[in-house]
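Have a look at the structure below, then the notes.
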There are 2 protein chains.
Amino acid sequence: MHENDGQNSRPSPNGSGRIRDVAREAGVSTATVSRTFNRPDSVKHQTLERVFEAARKLNYIPDSAARAMGSKVSRRIGVLIPTIDDSIFTRFIGALQQRLSKDRYTLLVGVYDFDPEYEANELHSLIESGVDGVVLCGARRSNDLYELLQGRNIPFVNASIYSPESPYPSVGPDFRSAAKELTRYLLDFGHRKIGFIDLASDTNDRAALRLAGIVDALEPECLSLPNERHIERPLSFEDGRIGLRTLLEYTPDLTAVICGNDVFAIGALFEAKDLDISVPGELSIVGFDNLELSAQISPGLTTVNFPTAEMGARVAEKLLMTLMGKPTPHAIHIETNLIIRGSSGPYRGLSR
Amino acid sequence: MHENDGQNSRPSPNGSGRIRDVAREAGVSTATVSRTFNRPDSVKHQTLERVFEAARKLNYIPDSAARAMGSKVSRRIGVLIPTIDDSIFTRFIGALQQRLSKDRYTLLVGVYDFDPEYEANELHSLIESGVDGVVLCGARRSNDLYELLQGRNIPFVNASIYSPESPYPSVGPDFRSAAKELTRYLLDFGHRKIGFIDLASDTNDRAALRLAGIVDALEPECLSLPNERHIERPLSFEDGRIGLRTLLEYTPDLTAVICGNDVFAIGALFEAKDLDISVPGELSIVGFDNLELSAQISPGLTTVNFPTAEMGARVAEKLLMTLMGKPTPHAIHIETNLIIRGSSGPYRGLSR
DNA sequence: GATTATTATGTAAACGGTTACATTATGGTG
DNA sequence: CACCATAATGTAACCGTTTACATAATAATC
């Protein structure tokens with residue numbers, strides 16, 4: 001009864017009405033074709049085969065825009081990252097992607113260059129693309145953005161930060177504790193004049209937390225972090241070099257530098273080499289993140305391992321749960337651990 | 001005459017029928033709202049204002065899926081890159097993105113890990129997302145993919161390769177000539193035992209071209225590149241190290257290594273340092289790409305500068321032209337240039 | 001001021017799927 | 001075998017825009 005009527009069965013002139021073509025070819029209705037792809041177990045085995053065969057024959061690729069329209073769901077997740085030039089973030093989105101694709105979700109990436117205004121733009125653009133959920137980095141951002149998401153009922157997760165006290169869900173490390181631990185490690189080596197290079201802490205809460213953690217460790221020793229020993233720079237190897245030079249300018253007897261991430265730290269390491277400062281003999285340099293490069297370089301970089309791949313998987317899972325209406329922990333802690341390599345050691349006196 | 005009728009003017013329960021809400025609020029038809037955003041000069045100034053005001057008030061964000069459905073155009077471009085872990089590609093997509101956004105196009109990125117099968121999957125997924133155009137890397141891929149694109153009339157550009165003789169449009173450097181020039185540079189220093197580390201040349205035409213270029217330079221000198229001096233590895237610093245170790249195992253009197261990209265080269269540089277081989281005294285190491293890191297490291301890496309940011313802009317422009325139906329050159333050449341730094345020099349004899 | 005060209009807006013039919021609901025086939029029971 | 005529960009499929013409305021075409025407003029011309 002459902003066979004081709006033979007008179008209008010050309011597979012559409014150039015690609016229009018496409019699910020209909022498959023339906024006609026297989027001799028079923030469009031609803032059945034749709035079900036075949038979306039809920040195969042609700043379709044009789046034999047019909048399934050016919051539809052698959054027809055789809056294959058016609059080279060059918062469903063139109064996700066139409067799907068999104070029809071179903072009110074796009075199966076797309078958006079993620080906003082501050083930069084794509086730090087492999088810590090590419091690892092993260094790689095892991096996100098991988099986990100999401102298992103549930104047939106697709107990832108849309110927006111990059112905002114650490115600029116809150118771009119971040120807002122990119123979020124709008126993600127929403128325009130119809131994402132079902134959003135992943136953000138950190139928690140510090142304009143209230144407007146949170147309201148935008150909540151107003152549209154778009155679930156989201158703040159990644160890269162662990163903030164149980166925040167009203168918003170989060171998955172990430174406790175940078176404050178990690179920074180404290182790292183600083184303690186340096187203090188135990190006898191370092192007293194410690195410098196700090198990081199991103200701008202006013203727009204970046206991770207940087208602010210690292211700063212707080214350092215102060216946490218310094219205070220019991222009656223030490224502090226004066227302004228001239230706290231440098232904020234944009235992110236690049238070169239800025240790590242600049243950071244170190246600036247620190248040394250004001251504090252020539254500096255004995256240790258904490259860098260908010262390994263990019264700065266590696267830059268500082270290069271600069272130390274060029275300045276003929278022996279590491280760790282005269283200067284200890286430590287970082288955050290544990291990039292692949294940090295293990296390769298020599299001396300190896302002492303750093304705080306930040307398992308962003310694991311974080312990506314956890315974030316994805318949390319978001320997927322939320323999308324399925326299942327409850328999830330409000331804040332998930334990602335463990336970091338101190339990795340000690342050759343770039344740090346006891347203070348051994350200056351040769352400068 | 002078009003004012004609210006007052007009885008069903010609630011701004012939609014939770015976000016449905018949205019362009020209608022703006023239309024109602026502004027007292028115009030949905031067509032006018034649509035025109036307001038898409039061809040503002042076809043709308044009377046005063047109406048424009050009213051619509052913008054209404055849109056702002058209702059926090060209107062158009063639904064791009066619906067737009068795509070209605071207009072048959074998504075204003076999305078897809079790009080397929082082999083990896084996101086090499087900053088040469090992040091620079092590239094950054095530049096692409098930037099140029100495309102000027103024309104209000106959005107970029108969708110797919111990563112295929114140098115695996116042709118993934119590449120096919122990702123291309124399907126891009127098409128499913130309704131991209132208006134596609135950017136690929138290199139030209140060597142299954143015919144099916146080309147047919148898929150052509151069958152659907154989706155314009156595309158092969159980036160990272162300059163192939164005027166290919167039937168497909170391309171924008172990129174001439175790796176063969178560049179490799180030849182780089183090799184000549186080493187030969188002129190007296191190097192005769194040269195090793196080569198690169199990606200797998202069977203699936204990667206850029207690697208194949210670099211290989212060909214090296215051979216081009218060696219042949220006139222009656223030299224060749226025996227198998228044991230040609231290593232193919234996946235892409236990572238560690239694989240650069242492995243590559244160098246393997247080369248030295250079979251050819252202990254190696255005097256120079258050409259790496260297909262700077263990641264390998266930097267890995268090799270690290271390995272040389274760990275093996276106490278002086279660079280460039282005992283061994284010259286050169287690469288391709290000119291990463292930020294290659295200038296920072298010491299010794300600085302001699303390499304072939306590959307302006308991927310420029311390439312991104314050119315690729316974007318070519319694709320945009322094509323989308324507007326304007327003719328473009330079939331193949332565009334991106335200039336590379338040799339950057340000489342400290343990692344290469346005359347052969348000065350072994351201490352091994 | 002009637003007529004015509006031009007500009008601004010409205011009307012309604014697509015676009016390609018999904019899905020609630022209706023209908024038909026299938027299989028199990030007494 | 002009539003009856004009913006269940007499984008499989010079909011019908012058609014709907015999602016939020018765009019756009020061809022129709023119509024209304026405005027400007028230009030005589």
Side-chain angles (χ1 to χ4, degrees), chain A residues 1-3 11-24 26-51 54-55 58 60-76 104 127-130 132 152, chain B residues 1-3 11-24 26-51 54-55 58-76 127-130 132 152:
Chain A
M1 59 206 75
H2 294 300
E3 53 261 275
S12 116
N14 66 356
S16 68
R18 302 191 287 100
I19 206 180
R20 287 175 173 79
D21 302 332
V22 177
R24 189 182 308 122
V28 299
S29 70
T30 62
T32 297
V33 177
S34 175
R35 280 188 285 256
T36 297
F37 292 110
N38 300 314
R39 299 195 314 281
D41 31 326
S42 75
V43 175
K44 192 161 65 169
H45 180 71
Q46 181 187 340
T47 314
L48 221 60
E49 300 280 271
R50 280 220 310 289
V51 173
L58 300 181
Y60 173 63
I61 297 184
D63 175 335
S64 71
R67 191 216 300 296
M69 284 238 69
S71 66
K72 314 270 75 201
V73 157
S74 69
R75 283 194 106 74
R76 276 208 257 268
R104 305 199 313 151
I127 292 177
E128 191 166 333
S129 297
D132 296 336
R152 304 201 171 231
Chain B
M1 60 207 73
H2 294 300
E3 55 262 273
S12 115
N14 67 356
S16 68
R18 301 189 289 99
I19 207 180
R20 288 177 172 79
D21 300 331
V22 178
R24 189 182 308 124
V28 300
S29 71
T30 61
T32 299
V33 177
S34 175
R35 280 188 285 256
T36 299
F37 291 110
N38 299 314
R39 299 194 314 280
D41 32 327
S42 77
V43 175
K44 193 162 65 170
H45 180 71
Q46 182 186 338
T47 314
L48 221 59
E49 298 281 88
R50 281 220 310 289
V51 173
L58 299 182
N59 253 300
Y60 174 62
I61 297 183
D63 176 335
S64 71
R67 192 216 299 296
M69 284 235 72
S71 67
K72 315 269 76 204
V73 157
S74 68
R75 282 194 107 73
R76 275 207 258 270
I127 292 178
E128 192 167 331
S129 297
D132 296 336
R152 306 200 170 231

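All chains are named by letter (A, B, ...) in the order of the sequence lines, taking the proteins before the strands, and each is independently numbered beginning at 1. None of the values given here were measured: they were computed from a predicted structure.
- In this structure, the side chains of A:V73 and A:R75 come closer than 4.5 Å at one or more pairs of heavy atoms.
- Within residues 33-42 of chain A, the residues that have a heavy atom under 4.0 Å from DNA chain D are, in order of number, A:R35.
- The CZ atom of B:R76 sits 4.5 Å away from the OG atom of B:S64 when rounded to the nearest 0.5 Å.
- Annotation: side chain to side chain contact (heavy atoms under 4.5 Å, CB included) contacts of B:T32 (sequence neighbours excluded): B:V28, B:S29, B:R35, B:T36, B:V43, B:T47.
- Residues satisfying the side chain to side chain donor-acceptor pair (under 3.5 Å) test with B:T30, not counting sequence neighbours, are none.
- Every residue two or more places apart in sequence or in another chain was checked for a side chain to side chain contact (heavy atoms under 4.5 Å, CB included) with B:K72, and none qualifies.
- Both B:P62 and B:K44 sit near DNA chain D, but only B:P62 has its closest nucleotide nearer the 5' end.
- By the 4.5 Å heavy-atom criterion applied to side chains, B:D63 and B:R18 are counted as neighbours.
- In the set C:dG17, D:dT9, C:dA8, the nucleotide with an atom closest to the side chain of A:V43 is D:dT9.
- Contact check of residues 64-74 of chain B against DNA chain D (heavy atom, cut-off under 4.0 Å) returns B:A66, B:R67, B:M69, B:G70, B:S71.
- Evaluation of the salt bridge (Lys or Arg N to Asp or Glu O under 4.0 Å) rule for A:R67 yields B:E128 as partners, not counting sequence neighbours.
- Between B:L48 and A:Y60, the residue anchored closer to the 5' end of DNA chain C is B:L48, taking for each the nucleotide with the nearest heavy atom.
- Between the axis at the start and the axis at the end of the helix from C:dG1-D:dC30 to C:dG30-D:dC1 there is an angle of 40°, using five pairs per end and rounding to 10 degrees.
- Distance CZ (A:R20) to P (C:dA14): 11 Å, rounded to an integer number of Å.
- Look at CG on B:D63: it is 14 Å from C1' on D:dC14, rounded to the nearest Å.
- Judged as a ring pair (Phe, Tyr, Trp, His ring centres under 6.0 Å), and not counting sequence neighbours, the contacts of B:F37 are B:F52, B:Y60.
- Between A:I127 atom CD1 and D:dG16 atom P there is a gap of 16 Å when expressed in whole angstrom units.
- For D:dT17, the OP1/OP2 oxygens have no side-chain nitrogen or oxygen of B:T30 closer than 4.0 Å.
- Between the B:S74 side chain and the B:A68 main chain, no donor and acceptor come within less than 3.5 Å of each other.
- For A:H45 and C:dA25, the NE2 to P distance is 22 Å, given to the nearest whole Å.
- One can place CG of A:D21 at 9 Å from P of C:dG16, the figure rounded to the nearest angstrom.
- Side-chain contact check for A:I127 versus A:R152: some heavy-atom pair is nearer than 4.5 Å.
- Between B:E128 atom CD and C:dG17 atom P there is a gap of 10 Å when expressed in whole angstrom units.
- The two atoms that bring B:A55 and B:V22 nearest to each other are N-CG1, 3.9 Å, heavy atoms only.
- Within the 4.5 Å cutoff, the side chain of A:I19 has no heavy atoms near those of the A:P62 side chain.
- A straight line from CD1 of B:I19 to P of C:dG10 spans 12 Å, rounded to a whole angstrom.
- Residue A:T32 places at least one side-chain N or O under 4.0 Å from the OP1 or OP2 atom of D:dG10.
- Between A:Q46 atom CD and C:dA25 atom P the separation is 15 Å, expressed in whole Å.
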